[in-house]
Amino acid sequence: MKTLEDKLSKAGRDVRQLADQIHDVRNPAPSRLGRSVAVSVGAAMLVAFVVLPVLLLGNGERTETDPAGDPRPLTSLYFAADFIPDGFEPHQALFLGGDSLDPGSEIATARTYHSVDDPNPNQFTEGEASLSIVVTDALADTEDELARFDQGQIECVDENGEPRDREECRAEIAQSSCDGTEAIAAGDVNPQACIDEQMEMARPEDATLTFTQTQIRGRPALIKIETRSDYSEVKVLVYEGNGLITGVTGHQIEDSTVVQVAEELRPITRSEFEADTPR
Amino acid sequence: MEAEDGTDPVIAEFDEADTPLIEAGERFEFFVRREGRRLVGLAYVLSGNRAAADDLVQDALMAAFRRWDEVSRLDNPAAWVRRVIANRSVSLVRRRLAEAKGLTRLALNRPISELPELPSDTEWIWREVRRLPKRQVQVIALRYFDELSMSEIGEVLGCSKETVNSHLRRARETLERRLNRPRGA
């Protein structure tokens with residue numbers, strides 16, 4: 001007769017064996033941008049029926065106001081790339097939701113592209129070419145982060161894993177120079193503060209970082225190039241206004257090509273975004 | 001820096017799925033690829049729901065990604081993610097939310113991590129495990145699914161190995177009774 005130990009060991013082994021057979025777990029951060037949000041198609045469904053698709057003007061200003069009376073204009077998270085580099089094709093278009101308990105907290109969208117020669121686009125391999133576009137509502141992201149902190153979903157620990165003062169931790173989130181509560185009150189992030197924050201981030205030990213502050217489509221932007229011995233990453237962040245930040249990230253692609261993708265981003269409607277979403 | 005056999009240590013590490021060592025500052029993609037399957041398995045035995053397991057893992061990985069600069073430099077980032085999964089899986093609200101999200105995604109034909117069928121006796125054992133108090137469920141899952149030592153479980157759950165031992169002993173006592181009864185009794 002099997003002992004309890006045998007039964008539990010077998011039960012664990014059975015699940016391990018099955019888990020080893022499942023497909024690769026989706027990377028919830030397809031953009032590889034510094035800040036992103038959890039995939040939440042459920043949230044996207046809700047928003048699809050309650051949020052009117054809106055268009056942005058080329059300079060990022062909104063054309064409509066929130067029908068619910070929110071003084072903050074509606075945010076369009078939907079952009080399309082009019083320029084897709086040769087050899088790339090669309091892979092995924094994702095709605096990204098917040099991680100708080102609000103199921104309607106959609107706060108970003110992501111589009112990923114892969115090389116047409118890539119035999120397995122669901123996996124990212126070091127050294128392989130890739131391109132992604134993530135549009136984030138930085139203000140909603142901050143609100144979500146604060147909500148999650150208040151719900152105890154974000155740990156407040158020091159570098160040794162020891163608990164820190166929670167008020168201190170919350171203040172750090174709320175007082176971010178780029179997108180804290182001040183930005184929420186103002187209805188937009190401070191592009192220069194965001195750029196400064198990016199440039200002040202700790203530099204990876206084995207990488208060379210190059211920053212170029214510029215303008216893309218007339219908006220403040222930062223081009224960040226990270227070069228390592230084994231790969232390079234080019235990230236173009238554009239501060240579109242009203243808290244929207246678009247980020248175009250490329251691996252193993254010419255810097256100028258990634259910049260061109262960012263230059264030729266165009267706001268679209270939600271329905272266009274959905275129609276363009278591979279199923 | 002290269003390993004003794006001349007391979008890139010990060011790649012070499014990635015090829016050994018069972019190696020718990022994680023390089024400080026490891027890229028998030030590698031971490032997801034190495035740990036993802038096991039995390040889904042853990043979330044499944046804790047939640048008992050396949051769709052929920054997928055979302056629990058997505059949520060936990062996203063929590064890690066948000067703070068990856070910090071998390072990747074912890075001694076054991078995988079333990080940090082396991083703790084997030086363990087904590088969230090026993091929260092009824094979050095579990096229900098995850099289930100709802102998972103079902104919505106299924107309806108949209110989105111790919112989720114598919115776990116094949118488990119043998120019925122294994123399903124039954126894990127169902128009985130999930131009836132235990134939440135800390136005991138976590139300890140059993142981490143011990144028998146993840147094969148962690150008492151110290152490692154303590155690290156994941158943020159308690160001493162003596163406390164882990166105590167939970168494990170109580171869980172075994174209860175399971176000894178329940179699993180020795182005829183099924184359905």
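Only heavy atoms go into these numbers, but all of them, side chains included; no hydrogens, no water, no symmetry mates. A note on names: the letters A, B, ... follow the listed sequences, proteins ahead of strands, and every chain is numbered from 1.
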Spatial distance of atom CG (A/L8) from atom CZ (B/F145) [nearest 0.5 Å]: 14.0 Å
Nearest heavy-atom approach of B/I125 to A/A11 is CG2-CB, 3.8 Å
State, with a plain yes or no, whether a side-chain heavy atom of A/K10 is found less than 4.5 Å away from one of B/Y144. no
Rounded to the nearest 0.5 Å, what's the gap from CG on A/L4 to CZ on B/R178? Could you check? 12.0 Å
Taking atom CD of B/E176 and atom OG1 of A/T3, what is their separation to the nearest 0.5 Å? 8.0 Å
Report yes or no: does B/R38 contribute a side-chain atom to a donor-acceptor pair with the main-chain N or O of A/R16 at less than 3.5 Å? no
Smallest heavy-atom separation, A/A19 atom then B/G41 atom, equals CB-CA, 4.1 Å
Could you look at B/L175 and say if it's the side chain, the backbone, both or neither that has a heavy atom under 4.5 Å from chain A? both
Here the gap from B/R143 atom CZ to A/E5 atom CD, rounded to the nearest 0.5 Å, amounts to 6.5 Å
With a 4.5 angstrom heavy-atom cut-off, is it the side chain or the backbone of B/I140 that approaches chain A, or both, or neither? side chain
